[in-house]
> 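Have a look at the structure that comes next, please.
Just so you know, ligand 1 is whichever comes first in the structure, and atom 1 is the first atom listed for that ligand.
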Amino acid sequence: MKTFYVTTPIYYANSFPHLGSLYPTIVADSLRRHFRQRGYETYFLTGTDEHGINIQRYAERQGVTPKEYADEIVANFKKTFSEFGLDTEHGGYDIFMRTTEPFHYEGVSELWRRVAKTKTPKGNAAIYKGHYEGWFCASCAAFKSEEEYAKPEREGDPPTCLEHLRPLDFVAEESYFFRLSDYTETLLDLYDKQPEFIRPETRRNEVISFVSGGLQDLSISRQKSSVSWGIPVPDDPTHTIYVWFDALTNYITAIGFGNEERERVVGFEKFWPAVHLVGKDILRFHAVYWPAFLLAAGVETPRTVFAHGMWLDPTGRRMSKTLGNAIDLGILHSHFSNDAVRYYCLREMVFGQDGKFGYETLIDRTNSDLANGLGNLAARTLSMIGKYRAGQIPSGKISEEHFLVAKRAGVDTDDQPLASSLEHVRDQFLLLYGDFAFSRALELAWSIIARVDKLISDAKPWELVKSEEQRETLNAVLYRAGETLRWLSILLYPVIPEASEKIYEQLGLKGELETIDPAQLVWGGLQEGTRIGEVKPLFPRIDKAKTMAAIEKESEPAGVHATEADAVAGAPTNAETKPEPPMLGASEADAVPAGHTEAQTEASFIEIGDFDKVELRVGQVLTAERIPKSDKLLRFTIDLGEEEPRQILAGIAEHYEPEKMIGRKVVVVANLKSRKLRGFESQGMILAASVGEEGKPILASFLEDVPNGARLK
Ligand code: MSP
């Protein structure tokens, strides 16, 4: 049997799932459903990337082990994927891969050993020990060359990663190197001989041009003393394997590389090589380093690495928590059906290019294409079959003696033109879909919906039903619409599985859509006399104004007013506020011990241990701006000496000009539970004295120079 193995990137286990993790998982899920229908035995992998300095640091900050930290993130990923119908139970992924699995450790060690034994095409040892000195971005998990970072403004400060805008770590240590420089020609040869290895074409050209410029050797280990959270280098436990070498290898360890038990259960031989879906930001790792490691180990390279674009917000900005423009998956799930989200993702973004994701356009697409388009066609067809033909599929044939009357009603006596169009659309759809052109495939499928809608509107069944001599004409119209729906339910199953199953059932049909190959569909398969099922709406229309108002309200929780009290005086979080913690652990409960308020009114004294729980740190304002429609709030990004600056909101706009705040040192409550104000996440609180009856805020500051991140005790 032919096999198809599709993978998503494995997501960093340092933050909860977001649109960037949902999207590739939806695409992979739909591709695997498509190939399963086409008769392939499929395997679909998603999962988490759990090692490395970044996760080690997040865990340290929370006072938990990295594994405990990752476990909680993984639980959240699995819950989210289940809600969106992407887990095994819903016919989704076959494995939620974790790089902390023991069999993965075995497989990575095996790959390392094989590479270590190899001679490069130029006859050198593929792995050698050397000394590394340079700048490393913990978020990218990558060393950065001069073109990839911004020089610091102040001498002595570290440079900043252009991708993550975070300060880089300086690394100067002994390291194992992979002799990537010896693989330049071999890789160029691979791209040449296997043109579908990197897709789309534009990305392929970029990679070819990058590799043609010559490759540098790659540091593939860190000293255990600096990065302990990872897989030890075989035979040298003082080194930890570089996180990308470890993470990329998941694609083969998951299916049995380096582990006999998994090879038996899944089958490396059976499923490899895979199709990797990756974001364009991580293409280099997949299209240069990964095949080079595999070539060195004598393992076949992947079939295709397809780089998709980024989802941007409706104004074209990159989505990020700091900007407050990220899509909240909780909100997405509560207002939209899984099928609507899937359809939008696959239709709206041309796979390979950037796309814009906005709630308003999602509502528009759902209403126009799903509710008014497919949903309406199904509803009107099925309800007419119910009403005019007592719920039974009529015959599609018009006998010769009724040709004339049918023609008079404007109905083609021959159903072949429609059948041929449908066949053509089906064939094109399958070609496009299998070739990752989801948006075009869907556009085409919707052209058939428009055609059949027109057929119904032109024939006016509600008029035909009044005339006995048009009985066969009406039958034919209803049959053609019903048969088209049958085709569409099968064809669209990979995109909108829940609705497709409903259409199929409502047509009175039984069967597993995932095992019906659309290529085998033959016009006329819908049997006369079939009793249709109960007709229920597939995609209820979404009230745009109401839903947008609800979404806005949820993004900016009820009861939270942007007041000074909120932002500078530490008012308790409103009970209805559901902050989305960016990190685990730090909660208001940590900061304010139970019984605190009571104790204070009784004696006005706290224990030193109580004070110790409040983490006050020195921060420096990097950016400051007003919040639209708020007189009081300013939005800051503040450097607390962490890898990433924090976004903090403060209600001081009436007293401080944002421009004058830049560069200023402030005192921040660093372990306050994050919360949303006016739709923006605030990850801490700036301290100020509250002066006079109006409580004018005066910011706490220092006379001496203090480093960012210093703790106040
Ligand atoms: N852990 C690595 C991947 C290792 S694979 C062996 C990683 N993880 S990630 O969680 O940071 O990113 C996972 C994927 O999310 C990447 O492919 C990235 O492109 C994608 N996205 C993150 N933000 C995105 C959008 N706004 N839009 C679409 N995808 C984006 O990188």
> Starting from atom 7 (C) of ligand 1, locate the nearest protein heavy atom and write down its residue, its atom name and how far away it is, to 0.1 Å.
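Residue, atom and distance for the closest contact: Tyr12 CE1, 3.4 Å.
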
> Going by atom types alone, do Gln56 and His51 pair a side-chain donor with an acceptor below 3.5 Å?
no

> So is there a nitrogen or oxygen of His286 less than 3.5 Å from a nitrogen or oxygen in ligand 1?
no

> Looking at ligand 1, does any of its N/O atoms fall within less than 3.5 Å of an N/O of Gly20?
yes

> Looking only at side-chain N and O atoms, does Tyr176 offer a donor or acceptor that is under 3.5 Å from a partner on Asp236?
yes

> Please check: side-chain N/O of Ser228 versus main-chain N/O of Lys224, any donor-acceptor pairing under 3.5 Å?
no

> Any heavy atom of Gly309 closer to ligand 1 than 4.0 angstrom?
yes

> Could you tell me if any non-hydrogen atom of His308 lies under 4.0 Å from any atom of ligand 1?
yes

> Among Arg318, Arg284, Lys280, Lys144, which residue meets the salt bridge (charged side-chain N to carboxylate O under 4.0 Å, His left out) test with Glu163?
Arg318

> Under 3.5 Å between any N/O of Asp281 and any N/O of ligand 1: does that happen in this structure?
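Such a contact does occur with ligand 1.
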
> For atom 6 (C) of ligand 1, what's the nearest protein heavy atom and its distance?
Tyr251 OH, 3.5 Å

> Please write down residue, atom name and distance for the protein heavy atom closest to atom 26 (N) of ligand 1.
Trp311 O, 3.2 Å

> Do Thr361 and Tyr344 have side-chain N/O donor and acceptor atoms under 3.5 Å apart?
yes

> Can you figure out which of Ala307, Gly279, Ala141, Ala13 has its heavy atom closest to atom 17 (O) of ligand 1?
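Nearest option to atom 17 (O) of ligand 1, by heavy atoms: Gly279.
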
> Run the salt-bridge test on Asp169 and Arg222 with the 4.0 Å N-O cut-off and return the result as yes or no.
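No.
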
> Among all protein heavy atoms in this structure, tell me which lies nearest to atom 13 (C) of ligand 1, with the distance rounded to 0.1 Å.
Tyr11 CD2, 3.5 Å

> Mind telling me whether Trp272 and Phe268 have parallel, tilted or perpendicular rings, with 30° and 60° as the class edges?
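Judged by the thresholds at 30° and 60°, the geometry between Phe268 and Trp272 is parallel.
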
> In the protein, which heavy atom is nearest to atom 3 (C) of ligand 1, and how far is it?
Ile10 O, 3.2 Å

> Heavy-atom contacts with Asp49 under 4.0 Å: which atoms of ligand 1 show up? List them by number with element.
1 (N), 2 (C), 4 (C)

> Taking the six-membered ring for Trp, are Phe357 and Trp311 parallel (under 30°), tilted (30 to 60°) or perpendicular (over 60°)?
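The arrangement is perpendicular - the two ring planes meet at more than 60°.
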
> My understanding is that only one of Leu31, Ile95, Thr25 makes a side chain to side chain contact (heavy atoms under 4.5 Å, CB included) with Phe44; could you say which?
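That would be Thr25.
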
> Are Trp290 and ligand 1 in contact, using a heavy-atom cut-off of under 4.0 Å?
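Contact check Trp290 vs ligand 1: negative.
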
> Ligand 1 and Lys280, any nitrogen or oxygen pair closer than 3.5 angstrom?
no

> Would you call Lys676 and Asp328 a salt bridge, taking side-chain N to carboxylate O under 4.0 Å as the test?
yes

> Quick check on Leu19 - does any of its heavy atoms sit under 4.0 Å from an atom of ligand 1?
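No heavy atom of Leu19 comes that close to ligand 1.
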
> Just let me know how Trp244 lines up against ligand 1, side chain, backbone, both or neither, with a heavy-atom cut-off below 4.0 Å.
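The answer is the side chain.
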
> Can you confirm whether the side chains of Thr99 and Glu50 place a donor and an acceptor under 3.5 Å from each other?
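No, because no side-chain N or O of Thr99 sits under 3.5 Å from a partner of the opposite role on Glu50.
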
> For atom 16 (C) of ligand 1, which protein heavy atom lies nearest, and how many Å away is it?
Ile282 CD1, 3.8 Å

> Considering only heavy atoms of Ala247, which atoms of ligand 1 have at least one such atom less than 4.0 Å away?
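Every atom of ligand 1 under 4.0 Å from some heavy atom of Ala247: 6 (C).
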
